[in-house]
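Read through the structure below, which is laid out as structure tokens, and then see the notes.
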Amino acid sequence: MIQNKEQPLIFERSRPGRVGHGLGDIDHTNEKVEDILPADYIREEEPELPEVSELQLIRHYTSLSTRNYGVDSGFYPLGSCTMKYNPKMNEDVARMPGFAHVHPYQPEEQVQGALEVMYHLQQSLAEITGMDEVTLQPAAGAQGEWTGLMMIRAFHEANGEKGRDKVIVPDSAHGTNPASAAVAGFTPVTVKTDERGLVDLDHLRELAGSDTAALMLTNPNTLGLFEEDIVEMAAIIHEAGGRLYYDGANSNAILGISRPGDMGFDVVHLNLHKTFTGPHGGGGPGSGPVGVKKELIPFLPKPVLQKTEKGFTWDSERPQSIGRVKPYYGNFGINLRAYTYIRTMGAEGLRKVSEYAVLNANYLMRRLEPYFDLPYNRHCKHEFVLSGKRQKKLGVKTLDMAKRLLDYGYHPPTIYFPINIEECMMMEPTETETKETLDEFADAMIQIAQEVEENPEIVQEAPHHTVVKRLDEALAARKPVLKYGDSNQD
Ligand SMILES: *Cc1c(COP(=O)(O)O)cnc(C)c1O
């Protein structure tokens, strides 16, 4: 539970001369600072550090840590991010000394076990996505997108088609899609969403042509809807000579049920830190493996892991490779967690993950439907979007309702994304939540909807029960105060 108590900064607890360590004056080395550090590294003045006791220090940080909200402490309806539970067994395996203590510079023959895990993970991901080969190098979804697009660029160039400089992206796409296309040197072009919430096929036909490098798509899309025309879309793009890129960051709805490779996609990235339960958030290490169909294998980042008679080896003789996209071979620890997850779930288990993810999302959607606008009233997959239009008419914004959820002890859902939905709330409950948890959350949302009608101020001014009240987020982004003491300056 969030504590509603002001906590002084550790600097404010400081008293001159108070010490928190027990080393006293013991000089362990008999060396002076000047003997150890070069002269220009030595400060003239001592830094101003808080002077507190050990117990004050421990209490300060322990108390701060209890203010954190995470998936281990409460429900996270955070759509588009699969902020799902990370099984603890993954952590145990990642900490096994044989894995935790290997170094990427070790000779191949000493790390055959680690290479074998990577090889099997590649095989599993290829099987899950219906691709022919997978690289584990990219460290994030966005880097996977860029890697995949660079391969598509190399592929077109190898075929003598340098004029293909457009990447078609739906207006509901994750922001990284057009950004990656631009960074890879393409011009992103937007294809419209029709009234079904799906790609407008006529518009797609208009856009596809001899300058099309690729179509980038998420399926189910970011509205949580399955692009049922995908086979026809693949035909349109392939006939125009382009390639299909699948953003599989959140594959929660399709595991063991449908495969991008079978839908006609040529390149796919996965976010192991989302779908495959790598710890996620706070900018920590991620993993965005990329799978490709046969014709794109020559362009994979090098070195490529190979199974030979002598064991597992790195193949660097790849003349058409786009090169290395990351130092070493990917974020091994995250890959290991994903592999543990895949093996502990098994094929049946992964299919169940998707079945439950879809069931939970549909259940929550139908419980909330009477109280909020549902822009696309059809079965959803792993996530769905609601609109706060009805509440906006009463003067309450979606942002206000998100803030009010904090008072009920919940992390808010993603809001104002996808951008093509007015006052959007996107929700993804994930497969691990019980019906009771979903009901409790739905009750809180319904209560907020009632508050909007009866007592809008309480929602407009939320949160009331958190450590800090409503923050000016725009000011915080435009004029960040990064240093203690700066807050007094204008
Ligand atoms: C999270 C996400 C990405 C980007 O992944 P990062 O690892 O954050 O770079 C791309 N597409 C979709 C649909 C996502 O949800």
Side-chain angles (χ1 to χ4, degrees), residues 71 76-84 86 125 129 135-150 167-184 188 190 193 197 199 214-227 230 244-255 260 265 267-291 325-326 330-331 333-335 337-338 354 357 361 380-385 413-421 424-430:
V71 77
Y76 246 89
L78 200 67
S80 104
C81 270
T82 317
M83 189 61 89
K84 67 190 211 180
N86 307 149
L125 297 177
T129 54
T135 173
L136 300 177
Q137 265 190 43
Q143 197 186 11
E145 291 170 24
W146 175 80
T147 302
L149 289 170
M150 291 303 282
V167 170
I168 304 174
V169 188
D171 52 7
S172 63
H174 194 271
T176 49
N177 289 189
S180 300
V183 173
T190 307
T193 298
V199 166
L215 167 69
M216 275 185 108
L217 204 72
T218 309
N219 195 20
N221 64 26
T222 56
L223 302 168
L225 305 176
F226 193 80
E227 297 282 356
I230 183 58
L244 270 85
Y245 184 97
Y246 187 87
D247 177 343
N250 306 299
S251 299
N252 248 25
I254 63 158
L255 301 175
F265 285 92
V267 185
V268 48
H269 89 262
L270 298 167
N271 278 22
L272 301 191
H273 49 291
K274 293 183 177 173
T275 314
F276 294 91
T277 69
H280 169 199
S287 180
V290 176
V325 300
K326 187 186 177 301
N331 279 326
I334 299 297
N335 293 340
R337 287 168 172 88
S354 291
C380 66
K381 292 291 175 271
H382 60 302
E383 62 191 8
F384 61 94
V385 293
T414 298
I415 55 173
Y416 300 109
F417 175 84
I419 51 175
N420 54 341
I421 305 295
C424 187
M425 284 177 266
M426 164 186 271
M427 302 202 183
E428 179 180 9
T430 77

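Whatever order the structure lists ligands and atoms in, that order sets their numbers, starting from 1. Below, all heavy atoms of this structure are taken into account, side chains as well, without hydrogens, waters or symmetry copies.
- In terms of the side-chain contact (heavy atoms from CB on, under 4.5 Å) criterion, residue partners of A139 (sequence neighbours excluded) are, by chain and number, Q143, K326, N331.
- Exactly one residue among Y246, F265, Y245 makes a side chain to side chain contact (heavy atoms under 4.5 Å, CB included) with L217. That residue is F265.
- When side chains are defined from C-beta on, L270 counts as touching S251, because their heavy atoms get closer than 4.5 Å.
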Tabulating one pair per line, provide the atom names and distances (0.1 Å) for every N/O atom of ligand 1 that is less than 3.5 Å from a protein N/O atom.
residue  : atom   : partner : partner atom : Å
ligand 1 : 5 (O)  : N271    : ND2          : 3.0
ligand 1 : 7 (O)  : G141    : N            : 2.8
ligand 1 : 7 (O)  : N271    : ND2          : 3.3
ligand 1 : 7 (O)  : H273    : NE2          : 2.7
ligand 1 : 9 (O)  : G141    : N            : 3.4
ligand 1 : 9 (O)  : A142    : N            : 2.8
ligand 1 : 11 (N) : D247    : OD1          : 3.2
ligand 1 : 11 (N) : D247    : OD2          : 2.5
ligand 1 : 15 (O) : S80     : O            : 2.6
ligand 1 : 15 (O) : N250    : ND2          : 3.0
ligand 1 : 15 (O) : K274    : NZ           : 2.8

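- When side chains are defined from C-beta on, L223 counts as touching P418, because their heavy atoms get closer than 4.5 Å.
- Side-chain contact between D247 and M216 is absent, with no heavy-atom pair separated by less than 4.5 Å.
- Side-chain contact of N420 with S172: a donor-acceptor pair under 3.5 Å is absent, judged by distance alone.
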